[in-house]
Amino acid sequence: MQKKREHWATRAGFLLATAGSAIGLGSLWRFPYMVGENGGGYFVLLFIFFTFFIGLPVFMAELTMGRRSQRGPVLAFAELHQNSKIWRIVGWLAVITAFIILSYYLVISGWSLNYAFMSLNQFYLGKSYDEIVGIFDLVYKSPQMNLFWLFIFALMTGGIVYGGVRKGIEKWSRILMPVLFVILTGLFINSMTLPGAGEAFKFIFVPRSGQLSASTVLNALGMAFFALSVGLGILITYGSYMHSKDDIPKTALIIALLDISVSLLAALMIFPIIFTFNFQPQEGVGLIFKVLPVLFAKMPGALLISTVFFLLIVFTALTSTISLLEVLVATAMENFNWTRQKAAILSTCAVFIFAIPSALSGANELFPVWKKVYGKNFFETFDYLTGSWFLPLSGILTAVFVGWALCPQIRKEEFMMGSKSKWVYYPWVFILKYIAPVAIVLIILNQSNIVNIDALFNPNLVK
Ligand code: PFF
């Protein structure tokens, strides 16, 4: 017999849990370095545009599917289309993507936890820039440290999901998300007092001529997808715990606004520091772990600022890893009839095991020839596979499913239920049918290097 499905206890709890899923390492770690690498300006404006006009419609599509089917991704795709075997595979694609992303996301989350602890000891005091940067390399290359912090983070995530939707996910999100906003706003205000704040504002918001390229456009689109957590079945799963009186467009809009605010606050917090201390905006993926401690060390109140900053990253990562694990747990519960506890324990163990090669990638110990064979280490291989292929593919298929395959009557009824802004329905369907699929195909082509879109637009780039 089917057990009664848990639902969110309060509307605020649901909002915070979903916002917690969206806001993560993507907003705080990936967005700032992407802003730096893409030169700010157009990239930021396009990211905002794409979040609203492409990411948000797919986000609403997932919530609609979840609430209608009351299922996780696999059964949602199948049951909303006459038990279709083909669409069931699309559901599995989302679950597998969530599994792989969770594995290496836990490794990066572990680094943040490690840095929060190291900050308590003010590891940067009395050290040169090179020495501080060297600490990141030590952490990255140490098998024991990576495994230890991965284990701790997996345990924290598993423990919270084990507690269930209300007691676990909702309760923790209600505590962690407001704390995040307070900490982030404090750091943002602090950065605004730095001399580099004006230059940072200009860099982030003012478009410069000659800076716009097709790949900037596509990077911004990819970033909007990553940041909103679409394409992983997370929002199908969280949508399945929604009540019929909840307003899907309004919920989605609030979350998109929160997500954009946090991403922008993160950039506005980091760039004034970069410009004040004359660093390069193009520091790349190591931006947070390598550069910020150097800057913290020069600031008054460094102990507090750096510890709080890394705790902030830990919080945001945790609310995202919870949502990724919940996809696996919900799927295992309904497909294999497991209890939540059994599903939580076994999924956590499986993800932990799969994360081990990623955690050991820096040390290059487990699969020493992996990089020689595939050109990227284990961690990078799966980051690339999921980010460049699985995630956009799953996103496009979700848009196509709701735009073309889902019965229009069901789609309309579910979308309208509880919604006060009914006019959104028609533009939403139009975007799902025509705009989102084309845009995502372009991302996939560009990211996979099948087509160099920059070169198509600017033949001078072809050497
Ligand atoms: N949206 C969250 C973040 O930006 O960190 C979680 C996440 C979703 C991460 C999807 C990665 C991903 F591919």
Side-chain angles (χ1 to χ4, degrees), residues 16-35 47-48 50-51 54-56 58-59 62-63 73 93-112 153 157 161 169 173 176-177 180 184 219-238 252 255-267 285 287-288 312-328 351 355 358 379-380 382-396 398 440 443-444 447:
L16 290 171
T18 314
S21 162
I23 298 160
L25 293 173
S27 299
L28 287 171
W29 161 76
R30 193 169 190 265
F31 181 71
Y33 94 74
M34 290 289 283
V35 171
F47 164 75
I48 297 172
F50 286 139
T51 301
I54 305 216
L56 193 57
V58 181
F59 191 98
E62 285 200 26
L63 285 183
L93 173 71
V95 175
I96 292 167
T97 309
F99 179 87
I100 298 173
I101 288 185
L102 178 58
S103 71
Y104 68 79
Y105 202 94
L106 282 171
V107 175
I108 309 173
S109 307
W111 296 343
S112 332
F153 216 95
T157 308
V161 173
I169 300 169
S173 296
L176 297 183
M177 290 309 291
L180 158 72
L184 196 55
N219 282 340
L221 186 53
M223 188 61 231
F225 261 74
F226 192 100
L228 276 177
S229 309
V230 292
L232 297 157
I234 293 176
L235 300 155
I236 297 180
T237 311
Y238 275 26
I255 286 163
L257 286 172
L258 285 174
D259 202 33
I260 287 182
S261 315
V262 171
S263 303
L264 290 179
L265 274 178
V285 291
L287 189 73
I288 285 172
L312 165 79
I313 310 261
V314 169
F315 285 166
T316 58
L318 189 60
T319 46
S320 299
T321 53
I322 290 171
S323 69
L324 285 160
L325 184 63
E326 178 63 19
V327 170
L328 310 183
V351 172
S358 285
F379 183 114
E380 293 159 348
F382 282 94
D383 182 20
Y384 168 75
L385 269 184
T386 48
S388 300
W389 289 99
F390 293 12
L391 196 63
L393 197 63
S394 175
I396 195 177
T398 307
I440 303 166
I443 299 185
I444 295 176
Q447 289 192 339

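Start at 1 and go down the list; that is how both ligands and their atoms are numbered.
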For atom 11 (C) of ligand 1, which protein heavy atom lies nearest, and how many Å away is it?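 Going atom by atom, the protein heavy atom closest to atom 11 (C) of ligand 1 ends up being Phe226 CZ, 3.3 Å.
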Identity and separation of the nearest protein heavy atom to atom 5 (O) of ligand 1: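 Looking only at protein heavy atoms, the one closest to atom 5 (O) of ligand 1 is Tyr105 OH, 2.4 Å.
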First locate atom CD1 of Ile96, then atom CZ of Phe390, and finally report the distance between them rounded to the nearest 0.5 Å.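 One finds 7.0 Å between CD1 of Ile96 and CZ of Phe390.
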Work out which heavy atom in Phe225 is nearest to a heavy atom in Gly395; give both atom names and the distance.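 Distance-wise, the nearest heavy atoms are CE2-CA, 4.1 Å.
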Which heavy atom of Val107 sits nearest a heavy atom of Ala355, and at what distance?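 In this case the closest contact between Val107 and Ala355 is CG2-O, 4.1 Å.
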Extract all donor-acceptor atom pairs below 3.5 Å that involve side chains of residues 314-324 and protein atoms in other chains or at least two apart in sequence.
from, atom 1, to, atom 2, distance (Å)
Thr316, OG1, Leu312, O, 3.4
Thr316, OG1, Ile313, O, 2.9
Thr319, OG1, Gly20, O, 3.0
Thr319, OG1, Phe315, O, 3.3
Thr319, OG1, Thr316, O, 3.1
Ser320, OG, Gly20, O, 3.4
Ser320, OG, Ser21, O, 3.0
Ser320, OG, Ile23, O, 3.2
Ser320, OG, Thr316, O, 3.2
Thr321, OG1, Thr157, OG1, 3.1
Thr321, OG1, Ala317, O, 3.2
Thr321, OG1, Leu318, O, 3.0
Ser323, OG, Ser21, OG, 2.9
Ser323, OG, Ser320, O, 2.8

What pairs with Glu62 under salt bridge (Lys or Arg N to Asp or Glu O under 4.0 Å), at least two apart in sequence or on another chain?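 Salt bridge (Lys or Arg N to Asp or Glu O under 4.0 Å) list for Glu62, sorted by chain: empty.
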Distance under 4.0 Å to a non-hydrogen atom of [X]: what atoms of ligand 1 satisfy this?
| X | result |
| --- | --- |
| Leu25 | 5 (O) |
| Ala227 | 1 (N), 4 (O) |
| Ala22 | 1 (N), 2 (C), 3 (C), 4 (O) |

Under 6.0 Å between ring centres, would you say that holds for Phe226 and Phe31?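 No.
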With a 6.0 Å cut-off on ring centres, are Phe382 and Tyr104 close enough?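 Centroid separation for Phe382 and Tyr104: 6.0 Å or greater.
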Give yes or no for whether the N/O distance cutoff of 3.5 Å, strictly under, is met between Gly26 and ligand 1.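 Between Gly26 and ligand 1 (N or O atoms, distance only) the closest approach is under 3.5 Å.
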Is it the case that ligand 1 has an N or O less than 3.5 angstrom from some N or O of Ile101?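 So ligand 1 has no N or O lying under 3.5 Å from an N or O of Ile101.
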Part of Leu232 with heavy atoms under 4.0 Å of ligand 1, whether side chain, backbone, both or neither: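 Near ligand 1, Leu232 shows its side chain, while the N, CA, C and O stay back.
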Under 4.0 Å, heavy atoms only, figure out whether ligand 1 is touched by the backbone of Ser21, its side chain, both or neither.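 It is the backbone that touches ligand 1; the side chain stays farther off.
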